[in-house]
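Written below as structure tokens is the structure these notes are about.
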Amino acid sequence: MSTFALSSVLAKRASGMEEAPIMRMSRLAREQRAKGRDVVSFTLGEPDFDTPEPIRHAACTALEEGYTHYPPMPGFPEVRAAIAEKLRHENGLDVEPEGIVVSAGAKQALANTLFALIDPGDEIILPAPYWAAYLPIIELAGGVPVFIPTSAQDGFLPAAERIAEAIGERSKLLLLSSPCNPSGAVFPPALLEEIARLVQAHPRLMVLSDEIYEYILFDDARHVSIGALPGMFERTITVNGFSKGFAMTGWRLGYSASTPQLARAIAKMQGSFTAGVNAFAQRAILAALSDEARPAVEEMRQRYASRRALMLELLDGIEGLCLTPPAGTFYMLPDCSGLLADAAAGLPQDDMALAEWLLMEHGVATVPGSAFGAPGALRLSFATSEENIRKGCARLRQGLEALRGG
Ligand SMILES: Cc1ncc(COP(=O)(O)O)c(C=O)c1O
């Protein structure tokens, strides 16, 4: 009798994929809670707010109106037109509705784009820290990531010279996330201009600009779309979506914006995996982009701003902790390498061990920076209540101070 082993059947691309550290930490936190432990989680990468009412209402209406059939593959024409209008008006992009492809979240827009542009061996230049989920997509597309390390001391921004050094024969894409998950850094206009000059000096380099956190900005930070800089539109694919700014993670709505010619290639990739995006959900984009939803978006931003201030205040003054105030997003990335360097034997020596120890010993869940190419750091999400922030920061302080004391 033959025995069946799935492991002998699984493709290498599936069997070789390890559990991402963020998934591991969320799983460990869930397991601890299931055992009855009180755990505060700073791991969440999603707004804790409900989707604003006008948007929910629009989807219900669309359902009643019969938007239940296959939609056009790249999106409804009026939805593509509304997105193009938003990008023209707010971001200064010279984009046509035919350049928009509506996708199942920004993540699918990123995947579509990478599959449309990357041949095996092509290089993608990626400033670190980066969003961890870029790596498996790059790998599946056969691309090779070329990392540009940055540091907390530089505000987690890459110097233009480092980018210039990374550009080579096989470079095809420079992948930027601004505002950046996980560091919260926002690329200043002058740096984007320098980057634009570098890119245009290269015959086949393009920018993939992930702008999903564009509405979550603090103090005087300003979001600039690199595709709006002179000469950059045809060199840029702008990716955005509704998950973060509009609290719509579960709707799975995003888009890419590029030239109509590239959009056709991107749509072909999308069409190979999905037959377009949920029809009645797509209709809600029209409400999200209307004036009706804007007050709620601004209100959420203000709530993040006060939570950010609270978290910064509560973590201030921990000796050895380097805390860079994020200019955008709902994350911060304190660098703990000073503390880890001083930790006694038996206590955590790296960020992976530190995150696990903080969870098990102190009841606070974080994501190790190594997951994002920032070893020695911890990513903290402040998309959670002020009560959780107070409780979780007290635990963090206790843990981090004990680490040093050890
Ligand atoms: C930088 C970045 N880009 C893209 C996404 C994906 O967003 P979506 O929910 O639209 O797929 C995320 C989600 O965490 C993100 O952090």
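What's counted below: heavy atoms across the whole structure, side chains too, no hydrogens, waters or symmetry copies. Just so you know, ligand 1 is whichever comes first in the structure, and atom 1 is the first atom listed for that ligand.
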Chi angles and distances behind the salt bridge (Lys or Arg N to Asp or Glu O under 4.0 Å) call for Glu211, Lys86 = CA-CA 13 Å; Glu211 305 185 4; Lys86 173 258 184 259; over 6 Å; no
Could an N or O of ligand 1 be found under 3.5 Å from any N or O of Gly241, whether backbone or side chain?
-> no
Which residue supplies the protein heavy atom nearest to atom 13 (C) of ligand 1, what is that atom called, and how far is it?
-> Lys244 NZ, 2.9 Å
Are any side-chain N or O atoms of Ser178 and backbone N or O atoms of Cys180, one a donor and one an acceptor, separated by less than 3.5 Å?
-> no
If you scan protein heavy atoms around atom 9 (O) of ligand 1, the nearest is Ser243 OG, 2.6 Å
Looking only at heavy atoms of Thr249, does any of them come nearer than 4.0 Å to an atom of ligand 1?
-> no
For Glu19, what residues pass the salt bridge (Lys or Arg N to Asp or Glu O under 4.0 Å) criterion, not counting sequence neighbours?
-> Arg27
With atoms numbered from 1 as shown, which atoms in ligand 1 lie under 4.0 angstrom from a non-hydrogen atom of Arg252?
-> 8 (P), 9 (O), 11 (O)
Ligand 1 contact by Phe242, heavy-atom criterion under 4.0 angstrom = no
Identity and distance of the protein heavy atom lying nearest atom 10 (O) of ligand 1 = Ala106 N, 2.6 Å
Expected output: side-chain Arg235 to main-chain Val199 donor-acceptor under 3.5 Å | yes
For atom 2 (C) of ligand 1, the option (of Leu175, Asn181, Ile22, Asp210) bearing the nearest heavy atom = Asp210
Sequence neighbours excluded, which residues qualify as salt bridge (Lys or Arg N to Asp or Glu O under 4.0 Å) partners of Lys107?
-> none
